[in-house]
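Note: hydrogens, waters and symmetry copies are ignored here, and every other heavy atom, side chains too, is used. Whatever order the structure lists ligands and atoms in, that order sets their numbers, starting from 1.
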Amino acid sequence: MTVLHSTLPEWRALAELAATMREAHLRDLVDADERRFEHLHVEHAEWLLDLSRQRVTRETLAALCALARAAGLAARIEAMFRGDPINVTEGRAVLHAALRSTFAGSAAVQHEVQAAREQIEAFVAAVRDGRERGATGQPLRQIVNIGIGGSDLGPLLVADALRHEWSGGLTPHFVSNVDRTQLEDLMRTLDPAETLVVVCSKTFTTQETQANAQAARAWIVGALGADAPGAHFVAVSTNAAAMDAFGLRPGRRFPMWDWVGGRYSVWSAVGLAAELVIGSERFGEFLHGASEIDAHFLNTPFEQNLPVLMGLVGVWNRTFLGLPTLAVLPYEQRLARLPAYLQQLEMESNGKSVTLAGTPVDYATAPVVWGEPGSNAQHSFFQMLHQGSASAALDFIAPLRGSSGDTAAQDLALQNCFAQVQAFAFGMTREEAEREMRAAGLSEANVARLAPHRTYPGNRPSSLLLYPRTTARTLGQLLALYEHSVFVQGTVWGINSFDQFGVELGKKLAGAITIGGAHRPSGPGAAGIAALIDYVVKHR
Ligand code: F6P
């Protein structure tokens, strides 16, 4: 019988601290502790996590670590790495870490992972050096990944973020949306004879992926003949029977396991499209980077543990300070897809309202995650974040060098990034705004008229993550940092971060609705849905 974590004395202590903190401004916190940066940043390997512009003090962080202890975080981390079935609703282990760290999972699990790695690496090498060819004998140069959710966002992010690491003349493409437009665009431009389709689907039943895979198959058959799909398709799935039915040959299928959640699967063969374009050496560095963070997460005291601190600050902002959203703001265009990736990671994992034991929680869980590369965001939604009525927590992420190793352009990015974290935290008071306008020669009437518009409240909390450069290794580190941060939050909230029943109902109902078919919808609200179907049939 688990207790609701809000009944823990450590939780109540934090609620009291939060009540005081709601009255405090980051300006006051800086005045009270001139060495805030020194006290509230952590360095690990080449990473810096700066929490000095979060609305926390050293006391808050200590209290959050105490809550993590009371919530049993240390034991949960060990249980996850050991392979205990901590995904209790599905009775499954949670072992994505075993895909990159030899110290996670059993020897049997490690053996399977190793065998899969060997199979993947052999295939990747054969495609890249042209031994593996299409049905007409042409080398396979266009890689089309068909998948959705974790079977799309992970390989897409890795391929995009490491574009400067592409080699071997292969180009990746990603198809996820059921509306077929992505695939149609590709079918218009790609040569089927040099196209390899990677169907990624843990279940191999997902409607969107199945529909796109069948359409891609028809395209290959139409262009190259009925026997061609064998040379142009591979798949990644746990569902052998469905892969048989699709006609996938042995040797053209790669394993997945029920102990890897879709949103945690990029480390498995789900990363194949990315590995094909960056090569296995780089992909190995990606895995290695994540493994370094696994070791850090497992072995470092909470007070110095980056993902633990990231997760605890997430809980503080969402639950104790009541900030409903988290904006993810990379100062690196290569990470443009990171917010989308983290949306699934955080919201599908921690978008839950009952504890592991099924008791409704009486506190807020996962925030809404959103974001864009910081540079562009400055010129779109930052206005609202600075002066609008909604407040958000902010994650700034920036490499010290551009992906080419350059510093000149990245200096501009960093200058902007640092200016923004400062402006969000400290704002500008009315007095300061008035002084500035007077110094610029504005009349007293204009100063009075414009002062309210030129005041910035500040007190918008942000974290800043700095790292050397976006490489395969640092990308692996970054994603593992967020994965473990999500786990920390889920543990403190006492929820199961590893199921996703919330998406099931929509899937089930979609399967029962046919546009223009004889089958009529049933269940609550069926008349309204029937009316919509009739409208579609009549008006198109
Ligand atoms: O939307 C739910 C979900 O199960 C995700 O968790 C997963 O990443 C996605 O669908 C795709 O599932 P599959 O890999 O089984 O096609």
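Scanning Gln344, Gln500, Lys202, Met256 for the heavy atom closest to atom 7 (C) of ligand 1 points to Gln344.
Using a 4.0 Å cut-off between heavy atoms, Val503 contacts ligand 1 through its side chain alone, with no backbone atom that close. Residue-level proximity to ligand 1 for Glu208 is absent, since no heavy atom of it falls below 4.0 angstrom.
In summary, Glu165 and Arg334 do not engage in a salt bridge, as defined by a charged side-chain N under 4.0 Å from a carboxylate O.
Of the protein's heavy atoms, Thr203 OG1, 2.6 Å lies nearest to atom 15 (O) of ligand 1. In terms of protein heavy atoms, atom 1 (O) of ligand 1 is closest to Glu348 OE2, 3.6 Å. Atom 4 (O) of ligand 1 has its closest protein heavy atom at Lys507 NZ, 3.8 Å. Among all non-hydrogen protein atoms, the one lying nearest atom 8 (O) of ligand 1 is Gly150 N, 2.7 Å. Atom 11 (C) of ligand 1 has as its closest protein heavy atom Ile148 O, 3.1 Å.
Between Phe286 and Phe283, the ring planes lie tilted relative to each other; the angle falls in the 30° to 60° range. Ring planes of Tyr264 and His96: parallel class, angle under 30° (limits at 30 and 60°). Ring planes of Tyr467 and Trp47: parallel class, angle under 30° (limits at 30 and 60°).
In summary, the atoms of ligand 1 found under 4.0 Å from a heavy atom of Gly149, numbered by their order in the structure, are 8 (O). For ligand 1, the atoms closer than 4.0 angstrom to any heavy atom of Thr206 are 12 (O), 13 (P), 15 (O), 16 (O).
When each of Glu483, Gln344, Gln500 is checked for a side-chain hydrogen bond (donor to acceptor under 3.5 Å, both in side chains) with Arg263, only Gln500 meets the rule.
Annotation: Phe246 is in aromatic contact with Phe233 [ring centroid separation under 6.0 Å].
Side-chain contact between Val361 and Trp493 is absent, with no heavy atoms from C-beta onward closer than 4.5 Å.
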